[in-house]
There are 2 protein chains.
Amino acid sequence: MSSTNFKHDLFNQFARVGKALGNGNRLELLEYLAQGERSVDELGKVAGLTTANTSQHLQQLRQAGLVTTRKHGLKVYYRLSGNDVIALLDALRAVAQRHVADVERLVNTYLTVKDSLEPVPRAELLARVREGLVTVLDVRPPEEYAAGHVPGAVNIPLAELEQRLEELGQGQEIVAYCRGPHCVLAYEAVARLRAQGREARRLEDGYPEWLAEGLPVEGSRE
Amino acid sequence: MSSTNFKHDLFNQFARVGKALGNGNRLELLEYLAQGERSVDELGKVAGLTTANTSQHLQQLRQAGLVTTRKHGLKVYYRLSGNDVIALLDALRAVAQRHVADVERLVNTYLTVKDSLEPVPRAELLARVREGLVTVLDVRPPEEYAAGHVPGAVNIPLAELEQRLEELGQGQEIVAYCRGPHCVLAYEAVARLRAQGREARRLEDGYPEWLAEGLPVEGSRE
DNA sequence: CTTCTAATCAATTAATCGCTTGAATAGTTT
DNA sequence: AAACTATTCAAGCGATTAATTGATTAGAAG
């Protein structure tokens, strides 16, 4: 095999991964899987796709090496192949945010208006959690919280936030997080908390990035 | 706009970048551009594509925000939009190498047989260069070397390596590098140097990663 | 001004992709 | 065993992609 053929073959293989990332629904599925293992049916429901369509997209992701499966009874559970997939997703999103004008505009008009403050770095949050100086709020759905979360985080889905304010330590700053760097839930939570007179900020990125950095995690995920 | 629509729109925009990465020829073009700015014609020649085809692929990359252009006379020069694109390419290749069996096999059967030693970390090479304890060999084509290279690196294209051995400091270890983590040229150079009784290793990854890490660089690139 | 050159544009064609639909497979429950 | 369920498979159809070809545009050189 000549080195040119080698290079072509190799880069075509790399392109398989790129192709898998070239569909919005598949990227959404990857973000949901970054919260923890899920079955096809569950993924279809949360992503708003039919089971058949979900299954086909997952097959694509699997062939590209981005997810792995295990079977239990009738159900097939999918999960990310490793934390490096989280890093890849983050690199993709970072490039898109910096260089794709439509992304910048979407983020500015939908997210930044809700919270324009700098997010709290993970290392800083970890230190403050250990000193009990902050309340951590996880606004994801309960099953995602159960799969794994920042130690000591309180899980309150957005719809219940106003009714459960007293569960969040009085007089403490609240740091909210969600599924990733562009998750509306955390932005919305921070806006609502501030409207109630609370001091609130977002955690930098989301739970998957906390996990990928090797920081301590609570929950059934390991 | 509902948050579901926002999410779909946003992830579809992210997918634009993914799509751009979903073609082997485009990934090769990105790797060549990571060495420095090039014109369409030059890129077509080095990638083995027609100018028209090259131009179309570059348009795709440009619409995805991965490259930018400037025009000088008849020529249009393309360059990467930023170092974060290098990081994205590396994340993609890393995931593919770890999770795509065909990549693993290609790398093992074509690269690892030429050099199975651990590459030299960039920080270590930088320290040893400053102490004059090592010879750095850049095996890329001269125009890529001229666009930017590791300080003090000697540029010898592979075809001239055996004839120009005496240009490489006697009794010193040689650290060779090339275009990126899977560049055949550095692997081949190390194998040939060892066959000549020289002590030789590869630099971890390649020049673009050196640059992206903010380490000192020589050449017309800035 | 004419000729040449680099890049882009536009159209064509075959291949691939995404979604839907319904059948098939494999496991569980009654 | 029959009925139910979760997932995959297979086929169909419209949309999109990649490479080629030739025309067009814009700049340089003679």
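Since we're looking at a predicted model, the values are computed, not measured. Throughout, protein chains are lettered first and strands after them, A, B, ... in sequence-line order, and every chain is numbered starting at 1.
One can place CD of A:Gln59 at 14 Å from P of C:dC17, the figure rounded to the nearest angstrom. Look at CG on A:Leu29: it is 10 Å from P on C:dC19, rounded to the nearest Å. With rounding to whole Å, B:Gln63 atom CD is found 14 Å from D:dT16 atom P. Across the protein-nucleic acid pair, B:Tyr77 atom OH and C:dT8 atom P stand 13 Å apart, rounded to whole Å. Computed from coordinates, the B:Leu58 CG to C:dT8 P distance equals 7 Å when rounded to whole Å. Atom NE2 of A:His72 is separated from atom P of C:dA26 by 19 Å (rounded to the nearest Å). Between A:His57 atom NE2 and C:dC17 atom P there is a gap of 12 Å when expressed in whole angstrom units. The nearest whole Å value for the distance from the NZ atom in B:Lys19 to the P atom in D:dT17 is 6 Å.
Distance from the side chain of B:Ser39 is smallest for C:dA7 among the nucleotides C:dA7, D:dT8, C:dC19. Listed nucleotides: D:dA18, C:dA7, C:dT8. Nearest to the side chain of B:Ser55: C:dT8. Taking the side chain of B:Asp41 as heavy atoms from C-beta on, and the options D:dT7, C:dC19, C:dA6, the nearest nucleotide is C:dA6. For A:Leu74, taking side-chain heavy atoms from C-beta onward, the closest of the listed nucleotides C:dA6, D:dT21, D:dT5 is D:dT5. Minimum atom distance to the side chain of B:Val76 is reached by C:dT8, of the listed D:dA26, C:dT20, C:dT8. Residue B:Asn53 has its side chain nearest to D:dT20 when only C:dC17, D:dT20, D:dT7 are considered. Here D:dG27 is the nucleotide among D:dT8, D:dG27, D:dA18 with the atom lying nearest to any side-chain atom of B:Lys71.
Of the N and O atoms on the side chains of A:Glu28 and B:His8, at least one donor lies less than 3.5 Å from an acceptor on the other residue.
For the pair B:Asn108 (side chain) and B:Glu104 (backbone), a donor-acceptor distance under 3.5 Å is present. Side-chain N or O atoms of A:Trp210 include none that pairs as donor or acceptor with a backbone N or O of A:Tyr177 at under 3.5 Å.
Put simply, A:Asn25 has no side-chain N or O that comes within less than 4.0 Å of OP1 or OP2 on C:dG18.
In terms of position along DNA chain C, the nucleotide closest to B:Gln56 lies nearer the 5' end than the nucleotide closest to the other residue of the pair A:Thr50 and B:Gln56. The nearest heavy atom of DNA chain C to A:Gly22 and to A:Ala52 marks one nucleotide each, and the one closer to the 5' end goes with A:Gly22.
Remark: B:Arg202 qualifies as a cation-pi partner of B:Tyr187 under the 6.0 Å distance and 45° angle criteria applied to the six-membered ring.
A:Tyr145 has its side chain out of reach of A:Gln35: every pair of non-hydrogen atoms, C-beta onward, lies at least 4.5 Å apart.
At the heavy-atom level, B:Tyr78 lies under 4.0 Å from the strands shown only through sugar-phosphate atoms. Among the heavy atoms of the strands lying under 4.0 Å from B:Arg26 are primed sugar atoms or P, OP1, OP2 only; no base atom is included.
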